[in-house]
Amino acid sequence: MQQLEALAPNGLASLETATYRRVMWRIIPLMVVCFVFGYLDRVNISFAKLQMQADLGFSDAAYGLGASIFFVGYFIFEIPSNLILSRMGARKWIARIMVSWGLASAAMMFVTNETWFYILRFTIGAAEAGFLPGAILYFTYWFPAQRRARITGYFMTSIPLSGVLGGPLAGLIMTNFAGLNSWAGWQWLFLIEGVLTAFVGIAVLFCLTDRPSEAKWLSQDEKRLLQDNLASEASEAGKATVHQFGQALRQPATIFLAIVYMFILMSLYGLTFWMPQLIKNTGIASNEIVGLLSAIPYAAAGIGMVWIGRRSDRTGERRLHLGLAVLAAGIGYVISAAFGTHTGLALAALTLAAGGIMGCLPVFWTLPPKYFRGAAAAGGIALVNSVGNLGGIISPYLVGKVKDLTGDTAPGLYAIAAVTILAAMLILFALPRTLAEQDRAATDA
């Protein structure tokens, strides 16, 4: 076996590039599939609403509250879930998460009143809790900091990809399955997507590898290279890095990250849970057309995620990439509210908002792993995500309540725009120095 020390610099660089490419193609596609199905189960309610609301007699406020209650369960169980994942391993725990949330989502087909609507939305949130921070933590077992925005960007293309696939798929299922077996189209939507998620969870048990040392598909040199790179990064982290979970709770940077992420997710979920309705409000009558048009902002967001993540890694710069993307989303919200009845302008504005707020996510998630190490990593990352997801409680209900009171979604969109622009200002002008420091630039494109 050839020793790493004996390799010339060019040979070591080639081995490093080839190894990370192999790891990426082994891990990321599977994680993308998991998150695509998971995100479909999280937001398919926004498409089901187009039929479900009339069938069950729900008000816009009741729908918004149900969409929000998901995040209550998510908030409560997020940190415990990620701590269990760090002990049990990603393979078993992510499989458990996916199977349980898939089955809970499928059970939404049996909802007949607001009480069960709220109960099942809470249950889905509790079941899914831990997946996203678990994935972010899992990537730290394989990839050093200068590669993570790109890797996280590839992973988070799941969000726009679920929109690109989910809109047309939802329109197709709800239109063509309606009445089959005496079930409504929205019932078939929950059943089909929920069961598929559970099957993907079972596949995780057979396909995912917890850590490099357990990867039978890597050579000994490749395993050692991955482990040495991560060990070197940990030794360079410096005294500012937090290693204990209790200590992480008291750090100003932790609070800053959680607040900014809450504002970001208020922006994201205001868009996610209301986009089909916003498009329909422009005068589009067909659910299938609404589904197809909703794919456009998500497709743009996927491109933005990859481009922003790769460029941020290539330069090592995080603050401007993150802040300017969030600012663009805020501007998109303002335009969409101002031109909410004009299909072309509203769709263009929603595309800008989606590209900015989703495109910022890969860069944001490079920040917590820079700050948390050791015992603090699992809990600290989960804490930021958990508090951040309180934004998902606020914005879906806010838009629905405002629409019930005023008959117009524009005031709610202006409120979300203000929060989004505030988040951008905090990032651009108040990001703590430890987080704003430039990472080492990636050595390959």
Side-chain angles (χ1 to χ4, degrees), residues 1-38 85-86 89-95 98 131-132 134-158 161 200-236 302-303 305-314 316 361-363 365-366 369 377 439-445:
M1 178 178 67
Q2 191 176 25
Q3 297 298 311
L4 295 181
E5 294 85 349
L7 289 174
N10 288 343
L12 183 59
S14 296
L15 175 63
E16 185 171 5
T17 299
T19 300
Y20 280 112
R21 184 179 294 117
R22 176 179 294 184
V23 172
M24 183 191 72
W25 281 108
R26 178 77 184 208
I27 290 175
I28 300 303
L30 176 60
M31 295 299 290
V32 165
V33 170
C34 291
F35 204 18
V36 164
F37 278 100
L85 182 146
S86 69
R91 182 177 66 88
K92 292 179 181 178
W93 197 244
I94 287 176
M98 294 201 62
F131 178 81
L132 177 58
I136 300 299
L137 177 65
Y138 179 59
F139 296 154
T140 68
Y141 300 159
W142 296 86
F143 301 100
Q146 70 267 24
R147 295 178 181 271
R148 280 188 207 134
R150 180 183 345 179
I151 293 301
T152 307
Y154 293 149
F155 167 64
M156 287 194 167
T157 56
S158 314
L161 183 59
V200 172
I202 294 171
V204 167
L205 281 174
F206 299 96
C207 300
L208 204 64
T209 305
D210 282 326
R211 292 181 182 265
S213 60
E214 302 171 14
K216 296 179 181 179
W217 40 272
L218 292 175
S219 70
Q220 291 302 314
D221 275 349
E222 290 169 331
K223 292 178 184 180
R224 185 178 171 191
L225 183 146
L226 296 174
Q227 292 166 335
D228 286 353
N229 282 352
L230 293 172
S232 174
E233 179 181 84
S235 69
E236 295 172 359
I303 295 170
M305 273 186 169
V306 173
W307 182 79
I308 294 171
R310 287 177 65 88
R311 192 179 189 282
S312 180
D313 272 351
R314 201 157 39 235
L361 294 176
V363 183
W365 280 112
T366 66
D439 288 326
R440 182 160 59 94
T443 55
D444 64 305

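Because the structure is a prediction, the values reported are computed rather than measured.
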Please report the interatomic distance [atom1]([X]) to [atom2]([Y]), rounded to the nearest 0.5 Å.
X      : Y      : atom1 : atom2 : answer
Met98  : Cys34  : CE    : SG    : 4.0 Å
Ile308 : Ile303 : CD1   : CD1   : 11.5 Å
Glu16  : Asp228 : CD    : CG    : 10.5 Å
Arg22  : Thr19  : CZ    : OG1   : 7.0 Å
Asn229 : Arg147 : CG    : CZ    : 8.0 Å
Thr152 : Ile136 : OG1   : CD1   : 4.5 Å

Do you know which two heavy atoms are closest between [X] and [Y], and how far apart they sit?
X      : Y      : value
Leu137 : Ser86  : CD2-CB, 4.1 Å
Ala95  : Gly201 : CB-O, 3.3 Å
Lys223 : Ala215 : CE-O, 2.9 Å
Trp142 : Tyr20  : O-CE2, 3.4 Å
Ala90  : Asp210 : N-OD1, 2.9 Å
Met156 : Leu132 : CE-CD1, 3.5 Å

>> Using the side-chain contact (heavy atoms from CB on, under 4.5 Å) criterion, which residues pair with Leu161? Sequence neighbours excluded.
In response: Val32, Val36, Leu165
Is there a donor-acceptor contact under 3.5 Å from the side chain of [X] to the main chain of [Y]?
X      : Y      : answer
Ser312 : Gly309 : no
Thr366 : Val363 : yes
Arg148 : Trp365 : no

> CH2 of Trp217: more than 12 outside heavy atoms within 6.0 angstrom?
Replying inline: yes
>> With a 6.0 Å cut-off (strictly less than), is the heavy-atom count around NZ of Lys92, excluding the residue itself, greater than 12?
In response: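 Not more than 12 within 6.0 Å, no.
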May I ask you to test the [X]-[Y] pair for a side-chain heavy-atom distance under 4.5 Å?
X      : Y      : result
Phe35  : Thr157 : no
Val23  : Leu218 : yes
Lys216 : Thr209 : no

>> For Ile27, run the side chain to side chain contact (heavy atoms under 4.5 Å, CB included) check against Phe155, Tyr138, Tyr141, Tyr154 and tell me which one passes.
In response: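 So the option named by the test is Tyr138.
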> What residues form a side chain to side chain donor-acceptor pair (under 3.5 Å) with Ser219, not counting sequence neighbours?
Replying inline: Glu222
